[in-house]
Amino acid sequence: MAKEAYDHVAIESAEQAKWEALDLYACDLSETEKEKYYLLFEFPYPSGDLHIGHWYAFALTDIFARYKRMQGKNVLFPIGFDAFGLPAENAAIKFGKDPAEWTYANMERMRQQIRIMGTSVDWSKEVVTCSPEYYKWTQWLFLKLFEQGLAERRLAPVKWCPKDLTVLANEQVIDGHCERCGTEVEEKNLTQWFLTITKYAKRLLDDLDPLPWREEIKDAQRAWIGESEGAKLTFQLIGPGIEPTALGTPVVPVFTTRPDTIYGATYLVLAPEHALVEMLMEKVANPDEVAAYVKKVSKKTDRERQEQKEKTGVILGGITVVNPATKEEIPVYIADYVLASYGTGAVMAVPSHDERDYAFAKKFKLPLRTVISGGNDELYTGTGTLMNSGPFDGRENLEAMGEIINFVNGERVTNYRIRDWLVSRQRYWGCPIPIVYDPEGRAHAVPQEHLPWLLPTDVDFTPTDSSPLSTSKELRERVTRIFGEGWTPECDTLDTFVDSSWYFLRYLDPKNEDDFSEQALMKQWLPVDRYSGGSEHTTMHLLYARFFQKALYDLALVPTSEPFNERFNRGLILGPDGAKMSKSKGNVVNPDEFVGKYGADAVRMYLAFIGPYNEPGSYPWSLEGVFAMRKFLDRVFQLRERIEDTEASNEERLQLDKAIQKVDTDTERFKFNTAISGLMVLVRELEKQEHVSRSVYQDLLRLLAPYAPHLADSVWQEVGGEEESVHQALWPEAGARDAVTAPLIVQVNGKRRGEVHVDLSATEEEVLAAARGIETVAKALHEGTLMRTVYVKGRILNLVITQI
RNA sequence: GCCGGGGUGGCGGAGUUGGUAUACGCGGCGGAUUCAAAACCCGCUUCCUAACGGAUCGAGGGUUCGAGUCCCUCCCCCGGCACCA
């Protein structure tokens, strides 16, 4: 280590104690003189020990919090725990521990570890989602949505994990497997609670446009919402025993994005779960065959359906529909390539112009009819001129689209891929759904005076196919006592994503017993200015939180319809071998070990230096890198010995200004890696001097303070910084000094031939004269003819010379 | 397949509106110090060449006085979506 290394153990604990004594980081939310800045990071799940990922998430966001404070902003930088969830329950099942005890013990351990990082989080705003004080309001908000008809109960096919014995949200199924345990999921029908996020699909999509998020984040959400414009067309159903009823003629509506191809629709396909299938089963000529197919398909998971290479299906014998354009009767099939849950659950098949229909038609030897010219193959999905399309022949397909829809009495329709949010969980360790059922089985809200609707403690956690809460005697008795005989409790708990959809509102007013958060504070502090988190939350958490915000906005409960202004997705720290850290690979880096050796400041700075924080890359941890960062900090420490109370030299001021500018702009946009390189350059330049002006050194410490908060503060006091803590000091500003001279690059035909030092005010002639002094330039001028010169002040002089 | 983001030394990565490509760091090499080693300090380190010089940002083409940056074609990697009609 360096000649004089600082004592990181002593310094870091002393500084942390000082900050706590000064209560530096508690944000006074009611203060209005300073401009507010709400900096948010995704609150952790209390899994137990802090790993590198937590450091990367918290300690680096902390750099920005400290920077914003020094800029004179009133910074809210809160923390809490997303404390409900499966791991606590699994620990209960496995080790017989009380989930609450397990969770609270973990939180306490993590609080200590987070202190070690030197983060400036405001603990006074802490929220814990599993505490009754918090979930009281989760329940209250759920009931607000329920009152609005945004929470619904219905029977639906749901994903079921046979290992965790629970229902999973669509989003928690990764490639057909359980997100948590990797087990292949099955399907099962249960009555579940849904939040009807689909009602907000359009607004969730449209409101993305003005958000200052990276395009990739917005696009991921757009894809998830999945808007597509098309038309609903109606096909009349014909078959034995199918008669017009009082309601009209039986019809099959289909959704299509290609109504222009209607003349090419040569058959129609129903999803196996389509509502009409049951009725048609009694009329078809081949009922056994159809029933067998539907049964077989019902056992397959979505994944299996997708993976099958060949299309499968069965014809509905004797049933036809009328193509509304051609008036032909065309056959009807059931096939599982059509999804019941999208559109109308039925499609018109145009094998000549749709890949899936083509594949199906080939297999079942169904006729093709080309209605758009343009391709040379049987299958063509592009645009072109209509043919075989009656009165529309010769028209361009896109241009005739509207008229065709009208011609067949269709209507324009926009569909969304996003599904309603299934929030029921058959688990114990979650927020109880504040619903009770009357003797007729109707759902009723638990009245507000009974909130929080407490999670009972007398339950059996052992997984079964029913919810753990159903084993609680206390809960049953509570319901009987309050509502009467025959009333029963809802025994499912809420998805933890519900808890985390509004936690940033609660940070503003975490102890409020009368409201989920105070209106005036929300008005002052929303939206969140910058939200830092992992890219894995792009399509779930971010979308859910946005949905909540919009729903609450419509109820006039929050002041903005978007919760977050800026959003930054960070990357991933890999093991030293470049692979994702995992216990099985033995490449897990333990931050404590490095903190012990080199100090928290070195670890923070190393993580900041490893790669750009404003994009979701993945960066391998380097053992040498942390050490190098510590050496740099030692150099800063040693530099204090050269302090003299002299006026800053021109060179010092120039270097300092450059550094301030660099560190400032790069810190602002989360490019901590290049900000640190700017600091390194400054230190190197200052080391070249025998003496360093005290004010320059102090400014260096200010720049360093967000990055190495302990060391910077310790030395700050030693060198007589004005404020008690450097974290109370202001961010330095670059002086407006214009450089007088600058090196100017001389090029010949765009190739560098040398440089000249000239006054910035020099004219082109003067510069050219100076350039002639360069040997290779003179030679080129001698051998060729100077056609023109391009002079960019302060940058280059390019001589365009033609050879003779 | 579609959408988005990328491809720069041995490695992580810098490169404002087109204007010194390879900042900063790691690693490597050499030196200094030492009885010796580690640490620390100094220098070198894109490639080819003994040197002069030349080449170089995934490949190829184009625009320009000048292209990592802009345009076209193609290849590869990462992320998202995916039988969504």
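Within the structure, every side-chain polar atom (N or O) of A:Tyr337 is placed at least 4.0 Å from both OP1 and OP2 of B:A85. Listed pair A:Arg684 / B:C24 meets the phosphate criterion, a side-chain N or O lying under 4.0 Å from OP1 or OP2.
Aromatic ring pairs are classed by plane angle as parallel below 30°, tilted from 30° to 60° and perpendicular above 60°; the pair A:His541 and A:Tyr531 is perpendicular. Between A:Phe670 and A:Phe568, the ring planes are tilted. Angles from 30° to 60° get that label.
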Below 3.5 Å is the cut-off: list the nitrogen or oxygen pairs between protein and nucleotides 80-82 of chain B, distance only.
from	atom 1	to	atom 2	distance (Å)
B:C81	O2'	A:Arg417	NH1	3.0

Polar atom pairs between nucleotides 62-65 of chain B and protein, under 3.5 Å, N or O only, would you list them?
from	atom 1	to	atom 2	distance (Å)
B:C65	OP1	A:Arg788	NH1	3.3
B:C65	O2'	A:Asn798	ND2	3.1
B:C65	O2	A:Asn798	ND2	2.5

What nitrogen or oxygen pairs link the protein and nucleotides 8-14 of chain B at under 3.5 Å?
from	atom 1	to	atom 2	distance (Å)
B:G12	O2'	A:Ile610	O	2.8
B:G13	O3'	A:Asn673	ND2	3.4
B:A14	OP1	A:Lys671	NZ	3.4
B:A14	OP1	A:Asn673	ND2	3.2

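When every heavy atom of A:Leu543 is checked against every heavy atom of A:Ile197, the shortest pair comes out as O-CD1, 4.3 Å. Between A:Ala201 and A:Ile225 the shortest heavy-atom distance is O-CG2, 3.8 Å. Closest of all the heavy-atom pairs between A:Leu768 and A:Leu797 is CA-CD2, 4.0 Å.
Every residue was checked against the side chain to side chain donor-acceptor pair (under 3.5 Å) condition with A:Arg753, not counting sequence neighbours, and none meets it. A search for ring pair (Phe, Tyr, Trp, His ring centres under 6.0 Å) contacts involving A:Tyr707 returns A:Phe672, not counting sequence neighbours.
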Kindly list each side-chain donor-acceptor pair under 3.5 angstrom involving residues 575-582 of chain A, sequence neighbours excluded, with atom names and distances?
from	atom 1	to	atom 2	distance (Å)
A:Asp577	OD1	A:Ala579	N	3.1
A:Asp577	OD1	A:Asn587	ND2	2.9
A:Asp577	OD2	A:Asn587	ND2	3.4
A:Ser582	OG	A:Ser584	OG	3.3
A:Ser582	OG	A:Lys585	N	3.2

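Atom-to-atom, CZ of A:Phe632 to C1' of B:C40 comes out at 17 Å; the value is rounded to the nearest Å.
For A:Arg795 against B:U17, a side-chain N or O and a base N or O form a donor-acceptor pair under 3.5 Å. At a cut-off of 3.5 angstrom, the base of B:C40 holds no donor-acceptor pair with the side chain of A:Lys631.
Residues A:Tyr358 and A:Thr381 have side chains that never bring a donor and an acceptor to within less than 3.5 angstrom of each other.
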